[in-house]
Undergrad: 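Sharing a structure, written as structure tokens. Questions coming.
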Amino acid sequence: MHNVFILVILASSFALIADSCTLTKKWDLSVQSTLFGNIVAHIKSGDTDLGNHTIPFGGNYTWSFCARIDGVTLYYGYFWWGLRFQSLALYDNRIRDICSRFQRSDTGHCYWLVTPDGFYVSGNPFKGGADPRAVFIKNWD
């Protein structure tokens, strides 16, 4: 019985460590739409599929994750806006570097803005308009 108790305590401790990003940085990502009408976003990584999400005009979709310890975390998205489509990396080393430029917290933040002309990313939230430090990443196909 004593060994079972120790095993339960150890398993709980490992679960808490894994969930808290103890060894790596936690990241919060957000995709905000300024498009009239809905866009559908399918977001995934190599081992996590977040599924399809409908983002209305002015709405957003947000998720969090722990960066991989080996430094090669990748999240990508497929986006549909009416008949238009685009796929792009939402988080990789390049995007991490863009988002990290002006941040000083333990949690990293990447803010994506989807506009009629394409996709912008910044480490600062988009509040009522464009962030002058935002980087244009890709246009719609």
Undergrad: For Pro116 and Thr34, work out which heavy atoms get closest and say how close.
TA: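 Of all heavy-atom pairs spanning Pro116 and Thr34, the closest is CD-OG1, 4.1 Å.
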Undergrad: Taking the side chain as every heavy atom from C-beta outward, state whether Leu88 and Phe119 have any atom pair closer than 4.5 Å.
TA: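 With C-beta onward as the side chain, the pair touches.
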Undergrad: Find out whether Arg101 and Val135 are in side-chain contact, i.e. whether some heavy atom of one side chain is under 4.5 Å from a heavy atom of the other.
TA: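 A side-chain contact exists here, since the closest heavy-atom pair is under 4.5 Å.
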Undergrad: Quick one: do Leu50 and Tyr61 satisfy side chain to side chain contact (heavy atoms under 4.5 Å, CB included)? Show the steps, please.
TA: CA-CA 11 Å; Leu50 300 175; Tyr61 176 71; 3.9 Å; yes
Undergrad: If you round to the nearest 0.5 Å, how far is CD of Gln32 from CG of Asn60?
TA: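 Interatomic distance, Asn60 CG to Gln32 CD, rounded to 0.5 Å: 6.0 Å.
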Undergrad: What distance do His42 atom NE2 and Tyr76 atom OH have between them, rounded to the nearest 0.5 Å?
TA: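 Those atoms lie 8.0 Å apart.
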Undergrad: How long is the straight-line distance from NZ of Lys25 back to CD1 of Ile69, given to the nearest 0.5 Å?
TA: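 Between Ile69 CD1 and Lys25 NZ, I get 15.5 Å after rounding to 0.5 Å.
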Undergrad: If we ignore hydrogens and angles and just use 3.5 Å, is the side chain of Lys138 paired with the main-chain N or O of Ala89 as donor and acceptor?
TA: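 Side chain of Lys138 to backbone of Ala89, a donor-acceptor pair under 3.5 Å: no, none is there.
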Undergrad: Can you check whether Ala67's main-chain N or O pairs, donor with acceptor, with Thr24's side chain at less than 3.5 Å?
TA: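 Yes, because the side chain of Thr24 sits within donor-acceptor range (under 3.5 Å) of the backbone of Ala67.
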Undergrad: Quick one: pull up CZ in Arg133 and CD1 in Ile98 and give me the separation to the nearest 0.5 Å.
TA: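 Answer rounded to 0.5 Å: 13.5 Å.
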Undergrad: Do Trp27 and Leu113 land in one hydrophobic cluster if side-chain heavy atoms of ILVMFWY residues count as linked below 4.5 Å?
TA: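 No.
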Undergrad: Under the salt bridge (charged side-chain N to carboxylate O under 4.0 Å, His left out) rule, what pairs show up with a residue in residues 73-99, not counting sequence neighbours?
TA: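 Output for this query is empty, none listed.
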Undergrad: Does atom CG of Asp141 have more than 12 heavy-atom neighbours, drawn from other residues, nucleotides or ligands, at distances under 6.0 Å?
TA: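 Enclosed.
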Undergrad: Above 12 or not: heavy atoms from other molecules or residues under 6.0 Å from CZ of Phe36?
TA: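 Result for CZ/Phe36: open.
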Undergrad: For the pair Trp140 and Phe79, name the ring-plane relationship: parallel under 30°, tilted 30 to 60°, perpendicular over 60°.
TA: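 Perpendicular, since the angle between the ring planes exceeds 60°.
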Undergrad: Would you call the rings of Tyr75 and Trp63 parallel, tilted or perpendicular, where under 30° means parallel and over 60° means perpendicular?
TA: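 Ring orientation, 0 to 90° scale: tilted.
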Undergrad: Looking only at atom types and distance, does a side-chain atom of Trp112 sit under 3.5 Å from a main-chain N or O of Ser33, one as donor and one as acceptor?
TA: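 Flag not set: sc Trp112 to bb Ser33 has no pair under 3.5 Å.
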Undergrad: List the steps and the verdict of side chain to side chain contact (heavy atoms under 4.5 Å, CB included) for Val114 and Ile55.
TA: CA-CA 10 Å; Val114 184; Ile55 306 172; over 6 Å; no
Undergrad: Hey, could you give me the CD1/CG distance between Ile43 and Asn52, rounded to the nearest 0.5 Å?
TA: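 If we round to the nearest 0.5 Å, Ile43:CD1 and Asn52:CG are 9.5 Å apart.
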Undergrad: Is the distance from the ring center of Tyr120 to that of Phe126 below 6.0 Å?
TA: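 No, they do not, as the ring centres are separated by 6.0 Å or more.
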Undergrad: Would you compute the distance between atom OG1 of Thr107 and atom CG of Asp28 and round it to the nearest 0.5 angstrom?
TA: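 If we round to the nearest 0.5 Å, Thr107:OG1 and Asp28:CG are 6.0 Å apart.
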